[in-house]
Protein chains: 2
Amino acid sequence: MKPRHPHVTGDCLAVSDILQRIGDKWSLLVVQNLGEGPKRFNELKHHIGNISQKMLTTTLRSLERDGFVTRTVFPTIPPRVDYELTDLGRELLIPVKGLAEWAIANAGRVSAARARFDGVKAAA
Amino acid sequence: MKPRHPHVTGDCLAVSDILQRIGDKWSLLVVQNLGEGPKRFNELKHHIGNISQKMLTTTLRSLERDGFVTRTVFPTIPPRVDYELTDLGRELLIPVKGLAEWAIANAGRVSAARARFDGVKAAA
DNA sequence: CGGGATCCGTTGGGATACTG
DNA sequence: CAGTATCCCAACGGATCCCG
C-alpha cells in the first residue's frame, strides 16, 4: 500500500460504508432506543411502533454482526431475548449524536430549501 | 435520496431523514469531492470514478434540492455547469467529519466483529 | 459537455402465515 | 415470545441511446 494524503478518497469509502450501514430505514432508531438500556424484542418493536417484525429482526442481526449490539437468549418458557449495545455501539452513538444535533438544528433550513426548489419547479 | 416519512415520534425523525438522505450510495462522495472546491460535471464523474452519469445527475439534483449544493450553468458552447457547496453543505461537512473519523478509526473493529460473526456461523 | 428518457436487473421492505 | 419462511411490490441503480 502506498501512503496517500490522509484526507483523500480512500478513507471516505469507509465512511460511505458506515453511513450506508446505519443510514438504512431502521438501524439508527434501534440503536438510539437501545441507548436507553437493554431491551427485549417486542419491547423494541412496540417502542418503535411501525416497524415490521421482519425488519426489526434483520436490523438487529446486522447490528449484531457488525458488533454494535449483543443478543442474549434466556432459554425460558416463553423465551426471552435481550438486546444491548456493545461498547462499540455506545461509542458509535457519540459521533452520531453530533450529526443528530446538526440534523435537528438544521431540519428547517433543509425543508425550506426543499420547498423553494419544488416551488420553482412547479412555477415553470 | 428519497424523502421517506415514516410516522414516528421524536427528534430522531429528522436524524433518520438526514441519514437516509446522505447515507445513499453516492451523496457523501460527491459532497466530499465538492469540499475541495467547485467542480464541473465530468470533473466530478472522473474523480469519483465508477459512478454512472445517471446517478451523478440524480445525486446532484437531490443535493441541490436540499440546499447542499448550487448548480451554475454557463450558456456557452459546449455548455459548462459548475457545482459548488453552499454554506449549509459546508456546515454539514463538519459533523459528518466526526463520523468519518470514527469510521476510519473503527473500521477494523467492525470488520473484525463481522469476521467473527460470520466465522461462528460457518462453524455451525 | 451535460443530462433527459428508457429498459431492466437487483435490493429494500411490508404483509402474512407458520414454528419452537 | 421471538423468531423463520414466503410472496410481492416499489425503489434503487447501472447501461444505453438520444438530444441541445
Side-chain angles (χ1 to χ4, degrees), chain A residues 13 16-17 19-31 33-34 38-66 69-84 117 120-121 124, chain B residues 1-8 16-17 19-30 33-34 38-66 69-84 117 120-121 124:
Chain A
L13 290 177
S16 192
D17 197 38
L19 264 184
Q20 282 182 67
R21 173 61 199 77
I22 64 170
D24 68 7
K25 197 169 181 180
W26 302 110
S27 291
L28 229 213
L29 276 328
V30 171
V31 170
N33 264 275
L34 288 178
K39 290 214 166 74
R40 301 181 60 176
F41 188 87
N42 274 344
E43 206 173 347
L44 276 170
K45 182 158 164 38
H46 190 258
H47 199 275
I48 296 178
N50 54 354
I51 188 174
S52 66
Q53 108 291 35
K54 172 187 172 178
M55 288 319 296
L56 182 52
T57 300
T58 305
T59 301
L60 286 168
R61 284 290 178 283
S62 293
L63 292 172
E64 187 193 358
R65 183 170 110 98
D66 287 356
V69 309
T70 55
R71 178 172 179 269
T72 311
V73 182
F74 301 92
T76 57
I77 306 282
R80 173 199 175 103
V81 181
D82 274 23
Y83 291 93
E84 187 173 9
F117 187 90
V120 169
K121 202 176 66 174
Chain B
M1 179 66 78
K2 208 79 191 282
R4 302 180 207 224
H5 41 282
H7 184 263
V8 196
S16 192
D17 196 38
L19 263 185
Q20 282 182 64
R21 173 63 199 76
I22 63 173
D24 67 8
K25 199 168 179 181
W26 300 112
S27 291
L28 234 208
L29 277 324
V30 171
N33 263 274
L34 289 177
K39 291 213 165 75
R40 301 180 58 176
F41 188 87
N42 275 343
E43 204 172 349
L44 275 171
K45 182 158 163 39
H46 203 256
H47 270 70
I48 298 179
N50 51 355
I51 188 173
S52 66
Q53 161 278 336
K54 172 187 173 178
M55 287 319 295
L56 182 52
T57 301
T58 306
T59 301
L60 286 168
R61 284 291 178 281
S62 294
L63 291 172
E64 187 193 359
R65 183 171 110 99
D66 288 355
V69 309
T70 54
R71 178 172 179 269
T72 311
V73 182
F74 301 91
T76 57
I77 306 279
R80 172 197 176 106
V81 180
D82 274 21
Y83 291 93
E84 187 174 7
F117 187 89
V120 169
K121 199 175 68 176

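Labels below follow one simple rule: chain letters A, B, ... track the order of the sequence lines, proteins then strands, and each chain is numbered from 1. Not measured: the values here are computed from a predicted model.
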D:dG13, C:dG14, D:dG20: which one has an atom nearest the side-chain heavy atoms of B:Pro79? D:dG20
Could you state the atom-to-atom distance from CD1 of B:Ile77 to P of D:dC19 in whole Å? 17 Å
To the nearest Å, give me how far apart OH (A:Tyr83) and C1' (D:dC1) are. 11 Å
Name the closest nucleotide to the B:Thr57 side chain, picking from D:dG14, C:dG3, D:dT4. C:dG3
Nucleotide C:dG12, atom P - distance to CG of A:Asn50 in whole Å: 19 Å
Among the nucleotides C:dG14, C:dG3, D:dC1, whichever has the atom closest to the side chain of A:Pro78 is D:dC1
On DNA chain D, check which nucleotide each of A:Asn42 and A:Gln20 is closest to and give me the residue with the more 5' one. A:Asn42
If I take atom CD1 in residue A:Ile51 and atom C1' in nucleotide D:dG3, what distance separates them, rounded to the nearest angstrom? 14 Å
Quick check for you: among C:dG3, C:dG14, C:dC1, whose closest atom lies nearest to any side-chain atom of A:Trp26? C:dG14
In terms of the nearest nucleotide of DNA chain C, which residue is placed more toward the 5' end: A:Gln53 or A:Asp24? A:Asp24
Expressed as a whole number of angstroms, how long is the span from B:Arg21:CZ to D:dC12:C1'? 14 Å
Identify, between B:Phe41 and B:Lys54, the residue whose nearest nucleotide on DNA chain C lies closer to the 5' end. B:Phe41
Of the listed nucleotides C:dG14, C:dG4, D:dT4, the one nearest the side chain of A:Arg61: D:dT4
Rounded to whole angstrom units, what separation is found between the CG atom of B:Leu60 and the C1' atom of C:dG4? 15 Å
